[in-house]
Amino acid sequence: RKKILALALAITTAVTSLAPNTGILSAITAQASDGYLTVKFGTGEAVAIASAANVWTKENSVTIAVEDTGSSYSLSKDEKTGSEMVEQVKELTYDISSESEGDIDLSYYLYSESAWGSVQTLSIKKDTVAPMLATVKVDGTQIYDATAEPKLTTLYTKKTQPAVSATFTETGSGIASVTIGGQTAIEAEGVWSVAADSITSLTEGNNTIAVTATDNAGNVFTSSTEIENGVVYDNTAPVIGAVTIGGQSVAEYTDESTKYYVTATDALDISIPVTEDNVKSVKYSLNNSHDATTAETDATGDSTPFAGTT
């Protein structure tokens, strides 16, 4: 809902005496568009009033001012009639901290020494809420979903620079820009993405891919705990320890007298120690020559074979 904040703008310049709300309005408005009147959001840089229309802001104050250079205009906080004298200043600041998100109309009046012009309106838009991370995918696999539980699922990868994409929840001014892994993301149908081989290279072990999103009002989302350690780079195969069968090391079965003989129905006590936490699978088989074969495969697909005669 639009709200009207009364902003009185007084202009003190030597002009022919005019009746209220006559030709002075168009004359002063034309000069204002040339830069005599400026608008500043918070402590930001002042811009011409014509450039401030419908601008999104996250600031809690708006200042309309008269440029000092080459200008004899002044401002007033009060609306008067006719040639009634008012207190005149060079700038007026309005507190919009209590205003709701969305559209805000600032009304002001143009004033000369002799008459007031019609009410004028500067429409702006307020947005103080940063975008929120919705989803993240790495090489097409979703690792983060804000609506799921748990929200984060760790991904193991052998790629140092995988492709990454993200989506956001944004109900205000809209997203202006996104960075992923230090690179500017490209938007398509609401999904912001960076291609493979473009992000900052992952290092061995846990990695947190940085994601930032800035909306059109200047609010910034920066990922912190959302996807912390969400990607594990692993390019090292598991290490197999001493394989034992029936409590005896396979390496010790060196001749007929020490070989471990079994029947087809025997239950084998086989131990295959591995020195990696993220082992995905362990395979073991006996061939026709009764050779023991094992293979340790981790989550990224690296495999370590082992063979011994039993």
Side-chain angles (χ1 to χ4, degrees), residues 1-130 172-174 176 215-220:
R1 179 180 178 181
K2 294 188 176 182
K3 300 185 177 182
I4 305 297
L5 301 181
L7 174 61
L9 174 61
I11 308 299
T12 56
T13 185
V15 295
T16 303
S17 179
L18 296 172
N21 304 328
T22 57
I24 187 172
L25 178 60
S26 59
I28 299 301
T29 301
Q31 294 183 51
S33 66
D34 292 334
Y36 286 95
L37 300 180
T38 63
V39 177
K40 182 168 62 176
F41 298 98
T43 58
E45 183 179 354
V47 297
I49 196 168
S51 302
N54 296 312
V55 166
W56 285 94
T57 182
K58 64 175 182 176
E59 305 298 338
N60 288 321
S61 65
V62 180
T63 300
I64 295 182
V66 173
E67 286 288 347
D68 290 331
T69 304
S71 171
S72 60
Y73 302 138
S74 297
L75 304 176
S76 172
K77 290 185 177 181
D78 302 311
E79 177 188 4
K80 302 293 183 180
T81 60
S83 58
E84 183 178 357
M85 296 301 294
V86 297
E87 181 182 0
Q88 297 167 348
V89 295
K90 285 294 184 181
E91 68 177 32
L92 296 172
T93 299
Y94 284 79
D95 182 0
I96 61 171
S97 60
S98 61
E99 299 299 315
S100 301
E101 302 281 296
D103 296 336
I104 299 174
D105 283 348
L106 304 179
S107 64
Y108 60 92
Y109 298 84
L110 300 177
Y111 183 76
S112 76
E113 292 178 341
S114 57
W116 284 96
S118 300
V119 62
Q120 298 294 293
T121 301
L122 172 63
S123 297
I124 61 172
K125 301 175 183 292
K126 181 180 177 181
D127 177 10
T128 61
V129 181
S173 58
D215 65 20
N216 288 296
N219 300 295
V220 180

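One-based numbering along the sequence shown.
In terms of heavy-atom proximity, T128 sits nearest to K58 at CG2-O, 3.6 Å. Annotation for A65 and E91: closest pair CB-CB, 3.6 Å, computed over non-hydrogen atoms. Heavy atoms only, all atoms of each residue included: I124 and A52 are closest at CG2-O, 3.9 Å. Minimum heavy-atom separation, N216 to S173: ND2-O, 2.8 Å.
For the atom pair NZ (K125) and CD1 (I104), the distance works out to 10.5 Å, reported to the nearest 0.5 Å. Atom OG1 of T43 is separated from atom CD of E59 by 6.0 Å, given to the nearest 0.5 angstrom. Atom CG of L106 sits about 7.0 Å away from atom CD1 of I96, to the nearest 0.5 Å. The CH2 atom of W56 sits 10.5 Å away from the CG atom of N219 when rounded to the nearest 0.5 Å. Rounded to the nearest 0.5 angstrom, N54 CG and L122 CG are separated by 8.5 Å. To the nearest 0.5 Å, atoms CG (D215) and CG (D127) are separated by 4.5 Å.
Within the 4.5 Å cutoff, no side-chain heavy atoms of E99 are placed close to those of N60.
Using modelled atom types, one finds a donor on one side chain and an acceptor on the other under 3.5 Å when comparing D105 with S123.
Of the possible polar contacts, none joining the K40 side chain to the T93 backbone as a donor-acceptor pair under 3.5 Å is found.
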